[in-house]
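Lettering of chains follows the sequences in order, A, B, ..., and the numbering in each one begins at 1. Heavy-atom basis, side chains included; hydrogens, waters and symmetry copies ignored.
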Amino acid sequence: MANDTNRFQAIISHCKEYGFIFPSSEIYDGLQAVYDYGQMGAELKKNIKDYWWKSMTQLSDENIVGIDAAIFMHPTTWKASGHVDNFNDPMIDNKDSKKRYRVDHLIEGFAEEQSATGNEQLAKDTLTAMDALIAKDDFAGLKKLIEDNKIKCAISGTCNWTDIRQFNLMFSTEFGNTVSSDGEDNKIYLRPETAQGIFVNFLNVQKTGRMKIPFGIAQIGKAFRNEIVARQFVFRMREFEQMEMQFFIRPGTQKEWYEKWKSTRLDWHKSLGMPADKYKFHNHVKLAHYADAACDIEFEFPIGFKELEGIHSRTDFDLKQHQEYSKKKMQYFDNDVDPETGKPFGNYIPYVIETSIGLDRMFLAVMSQAYTEEDLSTEEKKDERVVLKFPAKLAPIKMAVLPLTKKDGLPEIAEKIIADCKSQFRCFYEEKDSIGKRYRRMDALGTPFCVTVDHQSKEDNTVTIRHRDSMEQERIPIDKLKEIVLNAIA
RNA sequence: GCGAAAGUAGCUCAUUUGGUAGAGCACGACCUUGCCAAGGUCGGGGUGGCCGGUUCGAGCCCGGUCUUUCGCUCCA
């Protein structure tokens, strides 16, 4: 475990040292749980995005289109989705044990205890009182309720509580250029999930795209959450990026589609060459208010198995809510004939299967899988290298071209190779330092191919190509280069 | 948010009772070498996280603050 912590630290350092990820606003001491992607990280992240987008909107067997909805949404969106009411949990701390509790959990725990010991009435009254107080945001009243019932901390056994505080899930900001006398008038949220941008556009896409159920809408975009503790590098950030796909289906078919998307998504991960034993499903026992089935695809990060992607059967909850709040029919007319009744399926609010993967978490998964420290020591000397064994298609730089010396016309040949390839994939030129040093630098960036131009190149138009993982080299004609790299990154 | 630890050059670290900072790597120039890091010479780079206090004098002592790490708590 201590070793894994070290490995995680090493990965974080490597990310910063080689231009993958920097702490945000670092010159001002950084901003907690916010990170910037650097010159290498931005490339890797973009390559992950492209791979996901293409797998959804182009290669999938299903009918899926992509959209790009705004981060700002009408405030009612978040009332409909339940984010305003369901995710603003009042919290309270016990001063002696320093434990923090969600107020509702604490009181519910007390009520359960009471009903287990036969005090059904007290349990019921307490819960009723709690619901009324929560609905009014009456924190003082809630605290009084806790104190009146002498609800104790399970750890310290004391009733020494702090005041109740509210933790806002959502970031809010001012919308519009005039200051309102009532701040609430202009209040607007930064979206805490991209999914709602898809739901509110369900009818637009379905109608303009003449989409027939089943079909999906995919989206990549930023989302914002005020985490209670935001830590562990890019694993849990306040500003993060999601890759979500909402798949609209006929009611009653959610079970089979849920299973199908579970396996489809796991296959996607494996298609990147990620080892299968690094993944496992974690089924949710306690379901969110909108789901009838939910699981996570967990990945074994250096900090243990953690959620990487969520697959949720969201029922018709979201569309139904939006139909209610917007007074617009969120329905689909299904002309297909139901074989059981011989009649069309007719009008219904579609059910939804959601696949939602954290882009930053995927970045971290790819990075931690790729990061390798290799001992290359021989009897004569100690040696080691750090190499990022990215799948070639995700690597920020695909090919480095290195003239063995910086004279005798070798740089010119190298430049020509780059000029010929750079429209197809990212190339990098380097003539400084010894060739071995340059190879190692490219290893540290995860560049799959290093091409070295030497004196023989001038005579027969061949170069050596060096493979990152095996460190093996082969001599090939210059005009074969592009094809080799393109094949590897296809 | 609570508790603990840490913050010295781009990176990794040193400066052992307080006397205004050093090394290796990295970086730049030149020379040399030329297929798997660490050849030579010269050079640039630090108001010691930030603010304040004690002191003739503080990187080192004290207080505050910010950030990070670890643990707890929470997790749609």
Handout entry: Check: B:C36 base within 3.5 Å donor-acceptor of A:Arg466 side chain
Key = yes

Handout entry: Between B:A76 (P) and A:His312 (NE2): distance, integer Å
Key = 9 Å

Problem - Atom pair distance, as rounded to whole Å: CG in A:Leu410 and P in B:U33 - result: 15 Å

Handout entry: Pairing residues for A:Arg385 by the salt bridge (charged side-chain N to carboxylate O under 4.0 Å, His left out) criterion, not counting sequence neighbours
Key = A:Glu374, A:Asp443

Practice task
Classify the ring geometry between A:Phe449 and A:His467 as parallel (under 30°), tilted (30 to 60°) or perpendicular (over 60°).
Solution key: perpendicular

Handout entry: Cation-pi check, A:Arg265 onto A:Trp261 ring (under 6.0 Å, within 45° of axis)
Key = no

Handout entry: A:His14 and A:Tyr371 aromatic ring geometry - parallel, tilted or perpendicular at 30°/60° bounds
Key = perpendicular

Fill in the blank from the handout: From NE2 of A:His455 across to C1' of B:U33 the rounded distance in Å is 12 Å

Completion exercise
Of the candidates B:G28, B:A76, B:C36, the side chain of A:Lys432 sits closest to B:G28

Handout entry: P-based separation of B:G24 from B:C66 [nearest Å]
Key = 38 Å

Would you list the protein and nucleotides 37-46 of chain B atom pairs, both N or O, that sit under 3.5 Å from each other?
residue	atom	partner	partner atom	Å
B:A37	OP1	A:Lys381	NZ	3.4
B:A37	OP2	A:Lys381	NZ	3.0
B:A37	OP2	A:Asp383	OD2	3.2
B:A37	N7	A:Asp383	OD1	2.4
B:A38	N6	A:Lys382	O	2.8

Exercise for the section: Grab the two heavy atoms, one from A:Val84 and one from A:Tyr189, that are nearest each other, plus how far apart they are. Expected result: CG2-CE1, 4.2 Å

Exercise for the section: Would you mind reading off the distance between A:Ile303 atom CD1 and B:U69 atom P, rounded to a whole angstrom? Expected result: 11 Å

Problem - Candidates B:C27, B:C75, B:C36 - which lies nearest the side chain of A:Arg441 - result: B:C27

Exercise for the section: Go through B:U69, B:C35, B:C27 for me and flag the one nearest to the A:Tyr35 side chain. Expected result: B:U69

Handout entry: salt bridge (charged side-chain N to carboxylate O under 4.0 Å, His left out) partners of A:Glu239, counting only residues at least two apart
Key = A:Lys222

Exercise for the section: Evaluate the ring planes of A:Phe363 and A:Phe20, with Trp represented by its six-membered ring, and classify them as parallel (under 30°), tilted (30 to 60°) or perpendicular (over 60°). Expected result: perpendicular

Completion exercise
Between A:Phe233 and A:Pro192, the residue closer to the 5' end of RNA chain B by nearest nucleotide is A:Phe233

Fill in the blank from the handout: Pairing string of RNA chain B (Watson-Crick or G-U wobble, both atom distances under 3.5 Å; | = paired to other strand) is (((((((..((((.....[..)))).(((((.......))))).....(((((..]....))))))))))))....

Problem - Between CD1 on residue A:Ile476 and CD1 on residue A:Ile484, distance to nearest 0.5 Å - result: 3.5 Å

Practice task
Check whether NZ of the Lys or CZ of the Arg A:Arg225 lies under 6.0 Å from the centre of the six-membered ring of A:Phe171 and within 45 degrees of that ring's axis.
Solution key: no

Problem - Length of the line joining A:Tyr189:OH and B:A76:C1', which is rounded to integer Å - result: 16 Å

Problem - Test side chain to side chain contact (heavy atoms under 4.5 Å, CB included) applied to A:Leu266 and A:Tyr279, step by step - result: CA-CA 8 Å; A:Leu266 189 59; A:Tyr279 289 90; 3.7 Å; yes

Practice task
Quickly work out the A:Phe22 CZ to B:G10 P distance and round it to whole Å.
Solution key: 14 Å

Handout entry: Within residues 398-408 of chain A: residues closer than 4.0 Å to RNA chain B (heavy atoms)
Key = A:Leu404, A:Thr405

Exercise for the section: Answer with base, sugar-phosphate or nothing: what part of the nucleic acid does A:Asp454 contact at a heavy-atom distance below 4.0 Å? Expected result: base

Handout entry: Whole-angstrom distance between B:A5 and B:C42, as gauged at atom P
Key = 45 Å

Completion exercise
Here the distance between atom C1' of B:U68 and atom CD of A:Gln9, to the nearest Å, is 9 Å

Exercise for the section: Scan A:Arg225 against the nucleic acid and name what it touches under 4.0 Å (heavy atoms): base, sugar-phosphate only, or nothing. Expected result: base

Exercise for the section: Answer yes or no: are there more than 12 heavy-atom neighbours, outside A:Phe72 itself, under 6.0 Å from its atom CZ? Expected result: no

Fill in the blank from the handout: Paired with A:Gln246, the side-chain hydrogen bond (donor to acceptor under 3.5 Å, both in side chains) test is passed by just one of A:Gln196, A:Glu354, A:Gln219, A:His312, namely A:Glu354

Problem - A:Arg361 (side chain) donor-acceptor with A:Phe235 (main chain) under 3.5 angstrom - result: yes

Exercise for the section: Write down the distance separating the C1' atoms in B:A23 and B:A14, rounded off to the nearest Å. Expected result: 7 Å

Exercise for the section: On RNA chain B, check which nucleotide each of A:Asp443 and A:Glu307 is closest to and give me the residue with the more 5' one. Expected result: A:Asp443

Problem - C1' spacing across the pair B:C13 / B:U8, given as an integer number of angstrom - result: 9 Å

Problem - Distance between C1' atoms of B:G19 and B:A26 (Å, rounded) - result: 32 Å

Problem - Nearest-Å distance once atom P is located in both B:U12 and B:G49 - result: 15 Å

Exercise for the section: Provide the distance between the two C1' atoms, one in B:U67 and one in B:C50, to the nearest whole Å. Expected result: 10 Å

Handout entry: Separation of B:A76 C1' from A:Phe224 CZ (nearest whole Å)
Key = 17 Å

Handout entry: Axial cation check for A:Tyr325 ring with A:Lys79, 6.0 Å and 45° limits
Key = no

Problem - Distance below 4.0 Å between A:Gln232 side-chain N/O and B:U69 OP1 or OP2 - result: no

Practice task
Go through residues 365-375 of chain A and report each residue with a non-hydrogen atom lying under 4.0 Å from RNA chain B, sorted by number.
Solution key: none

Exercise for the section: Between B:C27, B:G10, B:C35, spot the one nearest the side chain of A:Asp433, thanks. Expected result: B:C27

Exercise for the section: Considering only atom P, compute the distance from B:C31 to B:G52 and round it to an integer number of Å. Expected result: 49 Å

Exercise for the section: Please answer whether the main-chain N or O of A:Met330 pairs with a side-chain N or O of A:Gln323 as donor and acceptor at a distance below 3.5 Å. Expected result: yes

Handout entry: Nucleotide nearest A:Arg475 when distance is taken to its side chain, options B:C11, B:C35, B:C36
Key = B:C35

Exercise for the section: Determine the contact category for A:Gln473: base if any of its heavy atoms lies under 4.0 Å from a base atom, sugar-phosphate if only primed atoms, P, OP1 or OP2 are that close, otherwise nothing. Expected result: base

Handout entry: Distance-only side-chain donor-acceptor flag, A:Gln254 / A:Ser313, under 3.5 Å
Key = no

